[in-house]
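One structure is given below, encoded as structure tokens.
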Amino acid sequence: MTILEDYAQFDGRHWETGSVHNYLAYRGFEAPHTGAPYSEALLMGVSGGVVMGYFTFEYEGWDPMCRILTRNTFNPMETMLSRLGIVQHRLHTASPEKGVANLLDTLDSGVPAIVWADMFSLPYNAPGESEQIWAMWPVVVYGYHAEADCVWIADRARVPLTATTAALEQARARVKKERFRVLTLDPPNPEKLVSAVQAGIWDCIKLFTEKPPKGSKNNFGLQALRFWADMLRSPKGRVSWNKVFPPGRKMYAGLREAYFDIRLFGKDSPAERDVYADFLDEAAVILDRPALGSAAELFRSSGQAWQALLGALLPDSIPDFQEARALLHSRHQLFLDKGDDSREERREINRKLDAITEKMETAFPLGEMEVERTRQELADRVMAVHDCEREAVETLRAAMA
């Protein structure tokens, strides 16, 4: 058996920044401006910070999807580590046996291992049954016991998680690019902290206001918010909500998934605007730019606008929507607080959510006029977010001038 008995780092909430935060905290690497572990807010800000991304998809056999990105997704982990001057030690193999050996060698050296694993293959996530979807995310492994068939993992929850050795092997093997990868990290270089923070802030500003590195200009930044509002209001656009998310199960799917992405996917607050504000408060000290504090407060206000949008996506006034929202939050909180001990409770919640989805096919609770009012209110709420974010970004740019 190899386990780091003193491992107690479970504060990280997002796979990338959370796993790196947990790893650095365990190693005792401290930020020079606080004398404490590098915060997840700082890591998120350095990686590129918050963003707005809007995408809709339709695949045969699936409900249409509305995906809302709330943080930078352009290679954030590599960007974060590089900017902070963190030397990476990577082991990568196609062999399952060598993959286990590399993991054990790392643990035997007295440090945890960051590995990439498919979240849909790890039973503690209580995923639905599907071979058609996968998502490889970094998690921290801090124990491995072959004889007991158990692996100890830190992955978003506030408590230890476990999986069988076979489940972890299956999850690590799911995608060739990240197959059996093991990552360990040297300490950040404090001399690079200032430039890392500056670069992260400019990434955020540019993604809100300039053409994105990839994709359509309608998919990112302030333009994405304007485009989303237009698609809610326009009945004729090819990718309008009238076409992609018509009343019934499809509209419900769009509302539910947008809500989930904004509030619950790898986060624990509306669009993580409060997390980014915390980063800007740290940045004000690191860069000696007090004006960043004003931008931080505006991003906190933006978080309130996002919260109002959430209230329009799944409002209390519609019992089925209110129940779905409560179930989503309950499932999220159970995982954070109880981890795998809540697996059966979360599976039961999944069954209830599935039942609501099926009900939407024949008993959608909105009539034609109510659908129109809902879309209009959503568009208004989206534009309220837009106005808050525009002011916050303008203030952020001025503070960096």
Side-chain angles (χ1 to χ4, degrees), residues 1-31 36-40 43 77 80-81 84 86-93 96-119 121-126 135-174 178-188 266 335-343:
M1 178 178 75
T2 302
I3 186 170
L4 305 176
E5 298 285 357
D6 59 342
Y7 187 91
Q9 278 64 46
F10 303 99
D11 291 333
R13 288 294 161 266
H14 190 275
W15 293 270
E16 291 161 328
T17 52
S19 293
V20 172
H21 165 77
N22 287 342
Y23 182 95
L24 297 180
Y26 176 79
R27 297 292 305 275
F29 301 150
E30 297 178 345
Y38 286 77
S39 70
E40 187 170 4
L43 297 174
M77 188 161 181
M80 164 181 53
L81 298 176
L84 290 170
I86 298 175
V87 176
Q88 304 176 51
H89 303 279
R90 292 175 181 255
L91 299 172
H92 203 175
T93 178
E97 294 77 15
K98 183 62 174 174
V100 172
N102 288 340
L103 177 56
L104 287 172
D105 286 346
T106 299
L107 294 172
D108 286 339
S109 72
V111 299
I114 297 176
V115 306
W116 275 252
D118 169 38
M119 65 176 292
S121 301
L122 291 169
Y124 61 70
N125 286 316
M136 297 291 282
W137 291 102
V139 300
V140 176
V141 174
Y142 65 92
Y144 193 102
H145 193 331
E147 290 75 15
D149 193 23
C150 188
V151 183
W152 286 263
I153 299 171
D155 176 15
R156 296 164 292 133
R158 299 187 178 98
V159 295
L161 299 168
T162 59
T164 65
T165 57
L168 180 64
E169 180 178 318
Q170 178 183 359
R172 293 180 69 197
R174 188 69 189 271
E178 290 97 2
R179 187 176 297 165
F180 303 119
R181 180 189 295 174
V182 172
L183 174 68
T184 57
L185 305 172
D186 284 355
F335 176 73
L336 292 182
D337 294 341
K338 297 171 63 177
D340 202 31
D341 287 345
S342 66
R343 191 193 309 183

Hey, does [Y] have a side-chain heavy atom less than 4.5 Å from the side chain of [X]?
{"X": "V115", "Y": "V139", "value": "yes"}
{"X": "V140", "Y": "Y26", "value": "no"}
{"X": "R27", "Y": "P187", "value": "no"}
{"X": "L168", "Y": "L103", "value": "yes"}
{"X": "F10", "Y": "V159", "value": "no"}
{"X": "W137", "Y": "H14", "value": "yes"}
{"X": "P188", "Y": "L24", "value": "yes"}
{"X": "V182", "Y": "R172", "value": "yes"}

Given ring pair (Phe, Tyr, Trp, His ring centres under 6.0 Å), test Y38 with F29 step by step and report yes or no. CA-CA 7 Å; Y38 286 77; F29 301 150; 8.3 Å; no
State, without any angle test, whether N22 and Y142 hold a side-chain donor-acceptor pair at a distance under 3.5 Å. no
Could you verify whether a donor N or O on one side chain and an acceptor N or O on the other, from H89 and D186, lie under 3.5 Å apart? yes
Whether [X] side chain and [Y] backbone form a donor-acceptor pair below 3.5 Å:
{"X": "Y144", "Y": "A146", "answer": "no"}
{"X": "E178", "Y": "M136", "answer": "no"}
{"X": "S19", "Y": "E16", "answer": "no"}

For [X] and [Y], work out which heavy atoms get closest and say how close.
{"X": "A117", "Y": "L122", "value": "CB-CD1, 4.0 Å"}
{"X": "Y124", "Y": "T162", "value": "CD2-O, 3.5 Å"}
{"X": "H21", "Y": "P37", "value": "CE1-CB, 4.4 Å"}
{"X": "Y23", "Y": "P112", "value": "CE1-O, 3.2 Å"}
{"X": "F180", "Y": "A173", "value": "CZ-CB, 3.6 Å"}
{"X": "G12", "Y": "E40", "value": "CA-OE1, 3.4 Å"}

When rounded to the nearest 0.5 angstrom, what is the spacing between [atom1] in [X] and [atom2] in [Y]?
{"X": "N102", "Y": "R181", "atom1": "CG", "atom2": "CZ", "answer": "13.0 Å"}
{"X": "L107", "Y": "T2", "atom1": "CG", "atom2": "OG1", "answer": "6.0 Å"}
{"X": "D118", "Y": "R174", "atom1": "CG", "atom2": "CZ", "answer": "4.5 Å"}
{"X": "M119", "Y": "D155", "atom1": "CE", "atom2": "CG", "answer": "8.0 Å"}

Evaluate side-chain contact (heavy atoms from CB on, under 4.5 Å) for M80 paired with T17, printing each intermediate quantity in order. CA-CA 9 Å; M80 164 181 53; T17 52; 4.1 Å; yes
Identified side-chain contact (heavy atoms from CB on, under 4.5 Å) partner of I114 from the options V141, T184, L185: L185
Quick one, W152 with H145, criterion side-chain contact (heavy atoms from CB on, under 4.5 Å). Give me CA distance, side-chain angles, the key distance, then yes/no. CA-CA 9 Å; W152 286 263; H145 193 331; 3.7 Å; yes
Yes or no on side-chain contact (heavy atoms from CB on, under 4.5 Å) for T106 and V111, after CA distance, side-chain angles and deciding distance? CA-CA 6 Å; T106 299; V111 299; 3.8 Å; yes
Steps toward side-chain contact (heavy atoms from CB on, under 4.5 Å) verdict (R158, R13): CA-CA 9 Å; R158 299 187 178 98; R13 288 294 161 266; 2.8 Å; yes
